[in-house]
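We name chains A, B, ... by the order of the sequence lines, and we start the count at 1 in each one. The structure displayed is predicted, hence computed values, not measured ones.
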Number of protein chains: 2
Amino acid sequence: MHYFTYKNKKLYCEDVSVEQIAQAVGTPFYCYSYRTLTEHFIKLKRAFASIKPLICFSMKSNSNQAVLHSLIKKGAGLDIVSGGELFRGMKAGCNPRKIVYAGVGKTEKELADAIKRGVLLFNVESIQELETISRISRRYNITTQVSLRVNPDVKADTHEYITTAKAENKFGINIPIVEKICLKASSFSHVAIVGLHIHIGSQIVTAAPFIQAIKKVLAFMDTMKKQGIYFTYLNIGGGLGIVYKNETPQTAEEFAKRVIPMVRGRGYRIILEPGRFIAGNSGIFVTKVTYVKRGTKKDFLIVDGGMNDLIRPSLYNAYHEIYPVVQNKNRARSVFDVVGPICESGDFLAKERELPQFNAGELMALLGAGAYGFTMSSNYNSRPRVAEVLVKGKKFAVVRKRETYTDLVKGETIPSFVK
Amino acid sequence: MHYFTYKNKKLYCEDVSVEQIAQAVGTPFYCYSYRTLTEHFIKLKRAFASIKPLICFSMKSNSNQAVLHSLIKKGAGLDIVSGGELFRGMKAGCNPRKIVYAGVGKTEKELADAIKRGVLLFNVESIQELETISRISRRYNITTQVSLRVNPDVKADTHEYITTAKAENKFGINIPIVEKICLKASSFSHVAIVGLHIHIGSQIVTAAPFIQAIKKVLAFMDTMKKQGIYFTYLNIGGGLGIVYKNETPQTAEEFAKRVIPMVRGRGYRIILEPGRFIAGNSGIFVTKVTYVKRGTKKDFLIVDGGMNDLIRPSLYNAYHEIYPVVQNKNRARSVFDVVGPICESGDFLAKERELPQFNAGELMALLGAGAYGFTMSSNYNSRPRVAEVLVKGKKFAVVRKRETYTDLVKGETIPSFVK
């Protein structure tokens, strides 16, 4: 579900023509639909209304200040993974009591900052991290609430880079160790182990692996209860898949219908950490054809956006649907590689894609670019990062300016000893 | 060859202890050796001295101002691929007459800027680009010199993302089309086709594919000569491989010995475009162990540097040698995954690597990180980009400051319509 639709053969984001935005801000750019973004959040909130979960938007998917603020205003908390995300999240107006902090490599400095800020929960990924949190909390005489991230050893059918709950992954703590930690919880001073956390991966389109993991962790919580160990929070993570191509992911309602009966009446406060599910289809990446190049073996649409702007095709072999910004149904269709201007063959946005004929100067939109798009972008090939635009109804605004060449060399100096 | 060596069990970059730099600038950071950098350049220059080529450093591998300036001072020109690189290169002091400009997707604006600046040559990748250059040059009444990039249809044995000279790649123009263009060169007004260019890929360790490609293009140049078409420049590109693990790449001398006899006496000015060959082994990436995590199936060294800082392992499955910054030969060795703090399984720096035992807080250096390291880095997971340090003898300087949290949100605004 999204609000990128054609009106009189022109692509619109809500009530604004994408072509008009391109004229105003240049290309390439990311364009987000406020309505799509917030409706995804609200759908999830409604589907789970009967158990009133805390929904923490996984901001690594999209950390733009305007995006975060829009979701925070609708009641979202944040799932953060770094000190930088804590900074961004607070700046966008998030109450730290609605922030959960995940990640295997939280540094001493990051932990100290977040402890002092009073984030709701740390998703703790190792005993060593728990010891560090304990030590820092003691120093500030604060009792810090944590969830232990359980590695349920469940296989999620997704790209190997974004599956996270197999025993061989770096994430989480296996169940026997979690049990040991809980049983000697008192030895970690200034720490309250108030919850358990699971997160099995990303872009998972079926309910089965979620259900399997939740069952495992609930059974474990039951076992612990018998030993007098009670938890307040159950964080079931994120990872809900979306439609990029022809996936048929579960809806928020379908997911909720499976999950709610499992957890209702157990008294746990449920936390969800959706990222892609909320932001993914809320954004498009708009790029202009620079050249149409006919090769001997392949034809190429060379566009002004590259792997530095949108790395998902190159890194995960990801598929993004391509829409012409101006439709012309009379055009012949043929097969193209859509490639960027970066000097390596890994720089492609689509491979062997059947598309209507594009001419140089025409615009295309890559759909499903609202998550893991801009946040993963770089300055590779000394390319300034692109602008981000947010649309709401008939209004649009640049919510992040395009970088300039001067920005590229910020902080660089030539020392006198090499002059 | 590089100047990262142990003295009294401590890793030094030239005459500066890496540990000392870490104390001064924090971790993670990139550290470059001036001597390694410039000696690589000088070696190539000497090996080819008899034919006095123009050596254009491929700055997409490392575009730090101090690195560029150091090489420019030694006589290097630059191989650029974007308007941003033109800006950086000029700012670092490069004479535009020593700049060659490559890339399949040069935009109208980028071309106009570079034409006005008077760069030496454009490596032209398509007829459409040639037409665009002609049109712009006519507008400014400038005659622009170009090389045509020939796609020699040669397979280089390297990662598929960095092979560039197969017929199915987006790069270059196949020979029959090059011939057609040359024969009707006069129809492209304000353009002088003065050279040919080949670039077959990156990290190629044997001479064979280079020789094969050069032979092909020389034979073609001979054919053209018979038709009265003469060229001034032959740009044989870059792509010389380096030692990451146990490769035995050709040396500059060996390469020169194969190439010089092929081109000597033919009267072409030779251009070389080395990037990795000069910068690759001139830099290390230094990161600190945050946690040592024992898993059920694997042991992990979780470090404070991640795929956002150094993406080569994740993107190309690249291997970087790991040195402890402080040696301790008594330590047991075992097998670890070295992983970063980023929340995905694709975030690793090394997989299943036998290493000496590291403790939390200890430093490691990843070698061969001087090329395609910092230039490909991003802010993913809202991580500020790291500092870059240059060492020369006993001196060192921060040549790019570590980013701050405030830098992360630069240019972002929350529009009133979502407040």
Side-chain angles (χ1 to χ4, degrees), chain A residues 34 60 63-66 69-70 81-82 84-85 87-88 103-105 107 126 128 161-164 167-170 174 290-291 293 296-298 300 302 304 315 339 341 343-346 375-378 380-384 392 395 397 399-401 405 408-409 411-415 417-418, chain B residues 34 60 63-66 69-70 81-82 84-85 87-88 103-105 107 126 128 161-164 167-170 174 290-291 293 296-298 300 302 304 315 339 341 343-346 375-378 380-384 392 395 397 399-401 405 408-409 411-415 417-418:
Chain A
Y34 174 86
K60 64 180 171 293
S63 57
N64 183 282
Q65 288 286 291
H69 186 78
S70 300
V81 296
S82 71
E85 287 197 353
F87 172 84
R88 275 184 186 272
V104 295
T107 65
S126 64
Q128 294 85 336
Y161 277 11
I162 50 178
T163 177
T164 55
E168 63 266 31
N169 293 136
K170 66 182 177 182
N174 63 53
T290 311
Y291 302 107
K293 182 171 176 179
T296 39
K297 294 200 177 168
K298 274 190 170 182
F300 298 95
I302 298 171
D304 63 1
L315 188 59
V339 300
C343 285
E344 50 188 276
S345 297
T375 60
M376 300 188 87
S377 69
S378 76
Y380 186 42
N381 275 209
S382 292
R383 289 167 50 81
K392 184 183 177 190
K395 292 178 181 157
V399 292
R400 184 183 171 106
K401 281 187 206 157
Y405 289 158
L408 296 174
V409 293
E412 291 189 18
T413 45
I414 302 173
F417 63 72
V418 300
Chain B
Y34 175 86
K60 63 180 171 296
S63 58
N64 183 283
Q65 288 285 292
H69 186 77
S70 300
V81 296
S82 71
E85 288 197 351
F87 172 84
R88 275 184 186 272
V104 295
T107 65
S126 64
Q128 294 86 336
Y161 277 12
I162 50 179
T163 178
T164 56
E168 63 266 32
N169 293 137
K170 67 182 177 182
N174 64 53
T290 311
Y291 302 107
K293 182 172 177 179
T296 39
K297 294 200 179 169
K298 272 190 172 184
F300 297 95
I302 299 172
D304 63 0
L315 188 59
V339 300
C343 285
E344 49 188 275
S345 297
T375 59
M376 299 189 88
S377 69
S378 77
Y380 186 42
N381 275 207
S382 293
R383 290 166 50 81
K392 183 184 177 190
K395 291 177 181 158
V399 292
R400 183 180 173 109
K401 281 187 207 157
Y405 289 158
L408 295 175
V409 293
E412 291 190 19
T413 45
I414 302 173
F417 62 72
V418 300

Given that the side chain runs from C-beta out, which part of A/Asn174 has a heavy atom under 4.5 Å from chain B: side chain, backbone, both or neither? side chain

At a heavy-atom separation under 4.5 Å, does A/Phe417 approach chain B through its side chain, its backbone, both, or neither? both

Among the listed options B/Ser382, B/Ala397, B/Pro415, B/Gly105, the residue most often paired with chain A at heavy-atom distances under 4.5 Å: B/Ser382

Can you tell me which of B/Ser377, B/Ser126, B/Cys343 forms the most heavy-atom pairs within a distance under 4.5 Å of chain A? B/Cys343

If we count only N and O atoms by modelled type, under 3.5 Å, do the side chains of A/Arg383 and B/Ser82 hold a donor and an acceptor together? no

Residues at least two apart in sequence or cross-chain that pass side chain to side chain donor-acceptor pair (under 3.5 Å) with A/Lys170, listed by chain then number, are B/Asp347

Residue set satisfying side chain to side chain donor-acceptor pair (under 3.5 Å) with A/Arg400, at least two apart, ordered chain then number -> B/Glu412

How long is the span from the OG atom in A/Ser378 to the CE atom in B/Met376, to the nearest 0.5 Å? 6.5 Å

CG/B/Asn169 to CD/A/Glu344 distance, rounded to the nearest 0.5 angstrom? 11.5 Å

Sort [X] into side chain, backbone, both or neither according to what part of it lies under 4.5 angstrom from a heavy atom of chain A.
X        : answer
B/Thr290 : side chain
B/Tyr405 : both
B/Thr413 : both
B/Lys298 : side chain
B/Ile302 : side chain

Are any non-hydrogen side-chain atoms of A/Leu315 and B/Leu315 less than 4.5 angstrom apart? yes

Which pair of heavy atoms, one from [X] and one from [Y], lies closest together, and at what distance?
X        : Y        : value
A/Pro341 : B/Val104 : CA-CG2, 4.1 Å
A/Tyr380 : B/Lys60  : CE1-O, 3.8 Å
A/Gly84  : B/Leu408 : CA-CD1, 3.9 Å
A/Val418 : B/His69  : O-CD2, 3.6 Å
A/Val409 : B/Gln65  : CG1-NE2, 3.9 Å

With chain B as the partner, which of [options] has the greatest number of non-hydrogen pairs under 4.5 Å?
options                      : value
A/Ala66, A/Pro384, A/Ser63   : A/Ala66
A/Arg88, A/Lys392, A/Lys297  : A/Arg88
A/Thr107, A/Thr375, A/Val339 : A/Thr375
A/Phe300, A/Tyr34, A/Tyr291  : A/Tyr291

